[in-house]
Amino acid sequence: MEPVWSHLKRSLTNLTKHTIAELTVLVKTRLKRMQYRSGLLVGFLTSTKLDYRPYL
């Protein structure tokens, strides 16, 4: 979870939102984009040093 959160926070750096609703929409959009980047997700899983292959 930590690598995902860290990546998300970096993608939000230098962005200003005026309301919590705007921030919520932005976070949801960024998480949705991450969902379709399989290489990024594999990198997150690899960084845990766990064997996730049986679940693929």
Side-chain angles (χ1 to χ4, degrees):
M1 190 66 202
E2 288 300 320
V4 174
W5 180 239
S6 176
H7 182 81
L8 179 64
K9 287 191 303 185
R10 278 193 311 272
S11 77
L12 298 174
T13 304
N14 297 327
L15 297 177
T16 319
K17 293 298 162 196
H18 300 286
T19 67
I20 196 72
E22 290 175 329
L23 181 60
T24 301
V25 169
L26 184 59
V27 167
K28 286 181 179 181
T29 301
R30 296 291 166 95
L31 288 172
K32 190 68 150 175
R33 283 186 196 168
M34 288 167 54
Q35 178 182 353
Y36 294 105
R37 294 181 59 195
S38 59
L40 181 65
L41 299 178
V42 167
F44 292 151
L45 291 172
T46 302
S47 72
T48 66
K49 309 269 192 275
L50 298 172
D51 186 14
Y52 61 88
R53 289 171 294 172
Y55 304 104
L56 295 179

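Position 1 is the first residue of the sequence, and the numbers go up from there.
- Side-chain heavy atoms closer than 4.5 Å link hydrophobic residues (I, L, V, M, F, W, Y) into clusters, and following such links, possibly through other members, connects M34 to L23.
- Contact annotation: the side chain of E22 approaches that of T19 to within less than 4.5 Å [non-hydrogen atoms, C-beta and beyond].
- Screening I20, V27, L26 against T24 for a side-chain contact (heavy atoms from CB on, under 4.5 Å) leaves a single residue, I20.
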